[in-house]
Amino acid sequence: MRQKENWEFDWQRRWCQLYELPENKARVLEYWIKYRHLEDIQKIVPVDNETYILDVGCGISTVLHYLPGHRYGIDPLIERYKTIYAYPPELTLQAAYGESIPFPDSYFNLVICSNCIDHTLDPAITIAEIHRVLTSGGHFILTCEVFEANLGKRNAAHPYSMNVEKLMDLVSRFNIIASWNSPWIGLQRYILDQPPTEQREQIFLLSK
Ligand SMILES: C[S@@+](CC[C@H](N)C(=O)[O-])C[C@H]1O[C@@H](n2cnc3c(N)ncnc32)[C@H](O)[C@@H]1O
């Protein structure tokens with residue numbers, strides 16, 4: 001566990017040096033719009049000052065930076081991230097695992113889990129927890145790298161590798177509103193103007 005957490009932290013520490021620059025913050029939003037279809041999603045899902053939003057595995061460059069509403073983020077490493085990054089004060093951040101979300105049933109209108117489900121130790125329990133904390137009719141945005149081959153455990157931070165079928169199976173208790181299969185560039189590669197890699201990123205907009 002220590003090795004996994006150090007791997008995640010070291011990655012975020014390097015990433016933070018880039019993300020902190022205002023022009024790169026703007027480019028991350030650009031990435032969300034271009035490859036994770038944020039504007040298309042917002043045409044379907046109303047997000048305003050009254051929306052309760054949770055980002056599971058929020059990391060440093062959480063999409064909560066770019067949304068209105070009551071914004072909550074959980075991440076097991078949040079206290080370490082706070083030592084290297086000044087989050088906007090309006091975000092409520094808590095150290096927690098997706099496998100045990102510290103909020104009551106039906107608390108959120110929108111849950112987001114981006115580039116995190118294949119980092120969790122138990123993706124199925126994490127998805128069940130997300131389902132539990134969503135209101136009936138609430139929405140769930142899931143993004144995850146997907147591979148053609150089953151690569152199994154990829155490195156210390158990724159106990160699993162996913163493909164589209166595995167993800168479909170994991171989210172079978174939700175209704176699929178929309179899905180997209182985008183090139184996988186990743187935030188850091190995008191900012192550094194590097195080309196897409198061979199894998200893809202699957203994006204699901206789901207409802208409970
Ligand atoms: C690649 S980062 C993604 C961060 C952010 N969501 C994004 O899209 O930029 C993966 C994050 O998942 C977190 N994480 C790892 N295991 C987790 C778990 N079991 N529950 C919730 N978050 C976890 C890591 O600490 C890390 O911050």
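Every value quoted in this text rests on a predicted model; they were computed, and no experiment measured them.
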Taking everything shown except Glu39 itself, do over 12 heavy atoms lie less than 6.0 Å from its CD?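 No - once you tally the heavy atoms of other residues, nucleotides and ligands closer than 6.0 Å, there are 12 at most.
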
Does atom CD (Gln3) have a neighbourhood of more than 12 heavy atoms from anything else shown, all under 6.0 Å?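 Incorrect, the count does not exceed 12.
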
Compute whether any side-chain donor of one residue and acceptor of the other, for Asp48 and Thr51, lie under 3.5 angstrom apart.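 Side chains of Asp48 and Thr51: pair found under 3.5 Å.
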
Do Asn175 and Ser207 have side-chain atoms, one donor and one acceptor, less than 3.5 Å apart?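 Ser207 and Asn175 do have a side-chain donor-acceptor pair below 3.5 Å.
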
Does the side chain of [X] reach to within under 4.5 Å of the side chain of [Y], using non-hydrogen atoms?
| X | Y | answer |
| --- | --- | --- |
| Tyr97 | Thr120 | no |
| Cys58 | Leu93 | yes |
| Val111 | Leu142 | no |
| Asn109 | Ile53 | no |
| His158 | Glu145 | yes |
| Ile74 | Asp55 | no |
| Trp11 | Arg14 | yes |
| Cys113 | Ile130 | yes |

Is there a path of hydrophobic side-chain contacts, each under 4.5 Å between heavy atoms, that joins [X] and [Y]?
| X | Y | value |
| --- | --- | --- |
| Ile191 | Tyr35 | yes |
| Phe204 | Ile112 | no |
| Val146 | Phe140 | yes |

Quick check against the 3.5 Å criterion: does [X] have a side-chain atom that pairs as donor or acceptor with the backbone of [Y]?
| X | Y | value |
| --- | --- | --- |
| Thr197 | Trp184 | yes |
| Arg71 | Glu90 | no |
| Gln12 | Gly59 | no |
| Lys34 | Leu29 | no |
| Tyr160 | Leu121 | yes |
| Thr143 | Asn115 | yes |

Which pairs pass salt bridge (Lys or Arg N to Asp or Glu O under 4.0 Å) with one or both residues in residues 198-208, sequence neighbours excluded?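 Sorted pair list: Arg36-Glu201.
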
[X] side, atom [atom1]; [Y] side, atom [atom2] - distance, nearest 0.5 Å:
| X | Y | atom1 | atom2 | answer |
| --- | --- | --- | --- | --- |
| Glu129 | Leu134 | CD | CG | 11.5 Å |
| Arg80 | Glu8 | CZ | CD | 10.5 Å |
| Tyr85 | Thr62 | OH | OG1 | 9.0 Å |
| Thr135 | Tyr52 | OG1 | OH | 12.0 Å |
| Ser182 | Gln202 | OG | CD | 8.5 Å |
| Cys116 | Asp75 | SG | CG | 7.0 Å |

Could you walk me through whether Arg2 and Glu5 pass salt bridge (charged side-chain N to carboxylate O under 4.0 Å, His left out), step by step? CA-CA 5 Å; Arg2 178 66 63 88; Glu5 295 194 343; 5.8 Å; no

If you compare all heavy atoms of [X] against all heavy atoms of [Y], which two are closest, and at what distance to 0.1 Å?
| X | Y | answer |
| --- | --- | --- |
| Tyr66 | Val28 | OH-CB, 3.5 Å |
| Leu77 | Phe9 | CD1-N, 4.0 Å |
| Ile117 | Cys144 | CG2-SG, 3.7 Å |
| Val63 | Leu38 | CG2-CD2, 4.4 Å |
| Leu64 | Leu91 | CB-CD2, 3.9 Å |
| Pro104 | Arg132 | C-NH1, 3.5 Å |

Should the pair His131 and Phe174 be assigned to parallel (<30°), tilted (30 to 60°) or perpendicular (>60°) ring geometry?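 It falls in the perpendicular class, over 60°.
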
Relative to each other, are the rings of Tyr31 and Tyr190 parallel, tilted or perpendicular (30° and 60° limits)?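 Perpendicular, since the angle between the ring planes exceeds 60°.
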
Pair Asp193 + Arg27, salt bridge at N-O below 4.0 Å: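 Salt bridge between Asp193 and Arg27, a charged N being under 4.0 Å from a carboxylate O: yes.
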
Got a salt bridge between Arg13 and Asp10, using NZ or NE/NH1/NH2 to carboxylate O under 4.0 Å?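 Here Arg13 pairs with Asp10 in a salt bridge, since their nearest N and O are under 4.0 Å apart.
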
Is the Tyr19 to His65 ring centre distance short of 6.0 Å?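 Between Tyr19 and His65, the centre distance is under 6.0 Å.
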
Check for me whether the distance between the ring centres of Tyr72 and Phe103 falls short of 6.0 Å.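 Under 6.0 Å, so yes.
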
Carefully, step by step, assess Tyr87 and Ile60 under the rule side-chain contact (heavy atoms from CB on, under 4.5 Å). CA-CA 8 Å; Tyr87 288 91; Ile60 282 176; 3.6 Å; yes

Give the C-alpha distance, both sets of side-chain angles, the deciding distance and a yes or no for side-chain contact (heavy atoms from CB on, under 4.5 Å) between Leu110 and Ile141. CA-CA 8 Å; Leu110 174 63; Ile141 301 167; 4.0 Å; yes

side-chain contact (heavy atoms from CB on, under 4.5 Å) assessment of Gln188 paired with Leu18: CA-CA 8 Å; Gln188 186 167 303; Leu18 284 174; 3.9 Å; yes

Tell me every residue that passes salt bridge (charged side-chain N to carboxylate O under 4.0 Å, His left out) with Asp122, counting only those two or more places apart in sequence or in another chain.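 Asp122 satisfies salt bridge (charged side-chain N to carboxylate O under 4.0 Å, His left out) with no residue once adjacent residues are dropped.
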
Can you check side-chain contact (heavy atoms from CB on, under 4.5 Å) on Trp180 and Ile41, steps first, answer last? CA-CA 11 Å; Trp180 296 271; Ile41 289 171; 3.8 Å; yes

